[in-house]
Amino acid sequence: MNTDMSMVPPAIAPRLMATITEPEPVVAIRILAAACLDQSSSLRLRLPEVKQLFARFIAAIMRERTDALEAIASSVEKQINALSSRPFTPRQVRRILGITNQERLFWTRDGRLHQTGTILNNQRGQKFRVPVYCAERIGWLSQNPDIIAAWRDEDARLLTQEGLSDADLSS
């Protein structure tokens with residue numbers, strides 16, 4: 001199984017600053033943003049947030065506040081790196097992979113989906129822990145839907161061999 005997972009391009013800030021000297025800096029920044037998205041599947045899954053980060057930098061260039069551009073470029077780089085490694089919640093995993101909650105639970109229990117930890121969620125004054133999953137692994141799985149299909153086929157084969165029901169698998 002190929003486990004070559006995507007990484008974020010190193011040193012985005014210097015590349016952002018170099019785009020300022022380009023004849024068309026906005027075009028150069030869009031090309032850089034596309035390169036970041038091509039290199040990191042977890043960033044592609046967070047496309048609206050990535051677009052928003054680069055839009056802020058483009059807006060700063062348009063205002064021509066060159067004294068603040070380096071700080072903004074550094075901030076964009078930190079935020080891009082944080083976004084690329086931020087884990088996904090169960091709801092996001094279900095949406096991204098197109099799986100059911102029962103599949104997520106079953107595959108987590110049998111080790112096919114690996115939790116990377118938990119986060120503390122505070123809802124209506126009650127705190128509870130929510131499991132989270134590795135962004136790179138989920139991004140890689142989203143690009144390899146044949147793996148999910150193989151897992152489903154394996155589960156269906158086990159069900160028919162053992163005469164189990166879906167409810168038996170989820171318990």
Distance from [X] atom [atom1] to [Y] atom [atom2], nearest 0.5 Å?
X    : Y    : atom1 : atom2 : result
S84  : L45  : OG    : CG    : 11.5 Å
E49  : L53  : CD    : CG    : 7.5 Å
N121 : K127 : CG    : NZ    : 11.0 Å
S41  : Q143 : OG    : CD    : 4.5 Å
I148 : L97  : CD1   : CG    : 4.5 Å
L37  : L47  : CG    : CG    : 5.5 Å

> Which residues satisfy the side chain to side chain donor-acceptor pair (under 3.5 Å) test with T116, sequence neighbours excluded?
Replying inline: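 Applying side chain to side chain donor-acceptor pair (under 3.5 Å) to T116 gives none.
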> In chain order, what residues pass the side chain to side chain donor-acceptor pair (under 3.5 Å) check against E154, with sequence neighbours excluded?
Replying inline: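 In terms of side chain to side chain donor-acceptor pair (under 3.5 Å), with neighbours along the sequence ignored, E154 is linked to no residue.
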>> A side-chain contact here means heavy atoms from C-beta on lying under 4.5 Å apart; do L141 and R137 qualify?
In response: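 Result yes, sub-4.5 Å side-chain heavy-atom pair found.
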> Do the non-hydrogen side-chain atoms of Y133 and Q115 ever get within less than 4.5 Å of each other?
Replying inline: yes
>> Set out, in order, the CA-CA distance, both residues' side-chain angles and the distance that settles side chain to side chain contact (heavy atoms under 4.5 Å, CB included) for S75 and Q79, then state yes or no.
In response: CA-CA 6 Å; S75 173; Q79 291 175 52; 2.7 Å; yes
> More than 12 foreign heavy atoms under 6.0 Å from CD of Q123: is that the case here?
Replying inline: yes
> Any salt bridge (Lys or Arg N to Asp or Glu O under 4.0 Å) pairs touching residues 96-105, not counting sequence neighbours?
Replying inline: E103-R152
> Please, which pairs that meet salt bridge (Lys or Arg N to Asp or Glu O under 4.0 Å) have at least one residue in residues 110-125, sequence neighbours excluded?
Replying inline: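 Listed by first then second residue: D110-R112, R112-D155.
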Please table the atom pairs, donor to acceptor, closer than 3.5 Å between any side-chain atom in residues 88-96 and protein atoms at least two apart or in another chain.
unit_1: T89; atom_1: OG1; unit_2: Q92; atom_2: N; d: 3.4
unit_1: T89; atom_1: OG1; unit_2: Q92; atom_2: OE1; d: 3.3
unit_1: Q92; atom_1: OE1; unit_2: T89; atom_2: N; d: 2.8
unit_1: R94; atom_1: NH1; unit_2: N101; atom_2: OD1; d: 3.2

> Residues sharing V132's hydrophobic cluster, by side-chain heavy-atom contacts under 4.5 Å among ILVMFWY, directly or via others?
Replying inline: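 V132 clusters with I119, F128, V130.
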>> Before you tell me yes or no, could you show the steps for F106 and L113 under side chain to side chain contact (heavy atoms under 4.5 Å, CB included), namely the whole-Å CA-CA distance, both residues' side-chain angles and the distance that decides it to 0.1 Å?
In response: CA-CA 9 Å; F106 183 66; L113 279 179; over 6 Å; no
> Is a side-chain N or O of R46 found less than 3.5 angstrom from the main chain of L83, in a donor-acceptor match?
Replying inline: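 Looks like yes, one N/O pair under 3.5 Å.
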> Between S42 and W140, is a side chain to side chain contact (heavy atoms under 4.5 Å, CB included) present by the stated rule, with each step listed?
Replying inline: CA-CA 8 Å; S42 60; W140 181 76; over 6 Å; no
